[in-house]
Amino acid sequence: MTAEKTESTYEKVVELAKRRGFFWPSFSIYGGEAGFYDYGPLGVMLKDNIIRIWKEAYLRENALLIDTPVLVPRAVFQASGHVDKFLDIAAECDKCHLRQKLETFTKSAGYEEVFDTVESGLSFVRDNVVKCTNCGTRITRVYDVRQMFFLPDQGSSGDLFLRPETAQGIFINFKILNNLFRGKLPMAVAQTGKGFRNEIAPRQSLIRMREFNMCEVEVFVHPEKKFWAEIEYEDDITICPRSSQPVTLNAREAVNSGIISSNAMGYFITLTQQILLKMGISRDRLRFRQHEKNELAHYSFDSWDAEAELDGNWIEITGIADRNDLRNHEKTSGESMSVSTEEGDIVPSVIEPASGVDRIVLSVLMHSLKTRENGYTVLSLPPDVAPYHAAVFPLMKKNGMDQLARKIFRSLSLNDPCVFYDESGSIGKRYARQDEVGTPYCITIDGASLEDGTVTIRERDSAKQIRIAAEELINHGLIGNPSISLDKFKNQPS
RNA sequence: GCGGGUGUAGUGUAGGGGUUAUCACAUGGGCUUCCCAAGCCUAUGACCCGGGUUCAAAUCCCGGCACCCGCACCA
């Protein structure tokens, strides 16, 4: 009676995540709350590594970092358009209580209207007969579903909202930041932090959460040129332009041929690909897709999503949007957002690469999950993304091997705290436990170590090992140490 | 939000009105073991929550919550 079921990669990762401590549903002793997940010990380390890689990549672009509040007064999201546009106009059938977007009702009745406000929706259903798609009753009840959480009247000037994106914290500080940057353009400002969206139907663990981690950069460029820097990279990118077939080419070609609209857009699409690959996303399971016109957010007029393939579905993990927020804030606040250039005063345009950290964490785990021929699981994470860079084991807990192993562990962890010590169970069990959480190297102290100070170091993916002086590892570290590069393991026996 | 399915140790599961609630793996301790989840001994650990039916509910019914699938949604 048990149906034949192949476990999806998603299910394997969720099971592994709970069992080994990457992430699990929050608040579970009180029944849980949909859309919230806790990061466990290994998950925090993995997530922090992913954020670090992102941050380092943008520091190399001379980006400025900033950290602004999660709670934001109404005026900011009034100006950005979120208060008015970041909501769904919904309707409920009085008889069968079917609730869905008003537009879903009106479209199936043959109308093309789009609704921005409850008032426009109400007057439409007064003037036109719109029937329930389920039971045929006339629709009269229209209401709005806000996608921002908010705390009514908690601020000194009224309502406080939990930010749905970190970006506004950068825009409203534009003048201060640009002064710190000595008035130059182009300029990039980066922020990492939490965002909140009141998802109606949170799903798929880390993919759609109501509280989530984001990494956002606002790149301020000259509005006509939209130029950041020469695109030096020749990397092939899989590109899906709006309403046409996917092509593979590098960003410079794509910009020159007009497939990608600006230098800055092309530059940051390439940079995004490089960052995602470094984090452990698979090249052949990554593509960049341009938004259809009707898909664009209210603030954006061109947008490309980096999408990762997960169990056959393409999921957005980063969005690169062309937006124009400074003008809104200039208009609403009365503060000038213009910058003096040789061609006169201009209000910069914004190119925004924005990443969902949690979705990247899940994608990296799913893309890294491998199964050995013997059925055991290996997480093939990039060494500097893995929670632990190495594990140290005494081959056996006797003859002083454990004392020496602990000593070597101590020395290693002075320079690199991401090292794990384990002396329990058989050696094979310890290797397998580390494989499953992606630890790239296992260092074993054996009988010979006691004689000459060498240890064996086993590489995760090949399960092969070489012998090396412990001092070499202690002095030169684990990540990027050429004496333990992958080719050193190639010709070793299994 | 809608419809359907599922909820039993850390994980995966068996059972299905009265059981000391099955099994495996994992986990702790011990023995053994000089390199890949080995073996032996031993210990800990579970019926999602609330209400109802019943002499008796983990089991049946209702409600809630969570997860999964489909639809809708995804600024």
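Reminder, nothing fancy here: chain letters follow the sequence lines and each chain counts from 1.
Comparing the C1' positions of A9(B) and A21(B) gives an interatomic distance of 11 Å, to the nearest angstrom.
Comparing atom distances between the Lys429(A) side chain and each of A38(B), C34(B), G10(B) picks out A38(B) as nearest. Listed candidates were G28(B), A72(B), U11(B). Nearest to the side chain of Lys18(A) is U11(B).
In this structure, Arg208(A) atom CZ and G1(B) atom C1' are separated by 11 Å, rounded to whole Å. Taking atom CD of residue Glu199(A) and atom P of nucleotide C73(B), one finds them 13 Å apart after rounding to whole Å.
A donor-acceptor contact under 3.5 Å is formed by the side chain of Arg458(A) with the base of C36(B). In the interface, the side chain of Asp446(A) is not paired with the base of C34(B) through any donor and acceptor atom under 3.5 Å apart.
In this structure, Thr456(A) does not reach the C35(B) phosphate: none of its side-chain N or O atoms is under 4.0 Å from OP1 or OP2. An OP1 or OP2 oxygen of C69(B) is reached within less than 4.0 angstrom by a side-chain nitrogen or oxygen of Gln204(A). Under 4.0 angstrom from either OP1 or OP2 of C48(B) there lies no side-chain N or O belonging to Tyr30(A).
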Just distance, no hydrogens or angles: give the donor-acceptor pairs under 3.5 Å from side chains in residues 27-38 of chain A, sequence neighbours left out.
unit_1	atom_1	unit_2	atom_2	d
Glu33(A)	OE2	Arg210(A)	NH2	2.8
Asp38(A)	OD1	Ser26(A)	OG	2.6
Asp38(A)	OD2	Trp24(A)	NE1	3.2

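Mapped onto RNA chain B by nearest heavy atom, Pro202(A) and Glu165(A) fall at different nucleotides, with Pro202(A) at the one closer to the 5' end. Mapping Ser205(A) and Met401(A) onto RNA chain B by nearest heavy atom places Met401(A) closer to the 5' end of the strand.
Between Glu451(A) and Arg467(A) there is no salt bridge, since no side-chain N of the basic residue sits under 4.0 Å from a carboxylate O of the acidic one.
A side-chain hydrogen bond (donor to acceptor under 3.5 Å, both in side chains) with Asp435(A) holds for exactly one of Arg430(A), Arg372(A), Lys370(A); it is Arg372(A).
The closest side-chain heavy-atom distance from Phe86(A) to Phe77(A) is not below 4.5 Å.
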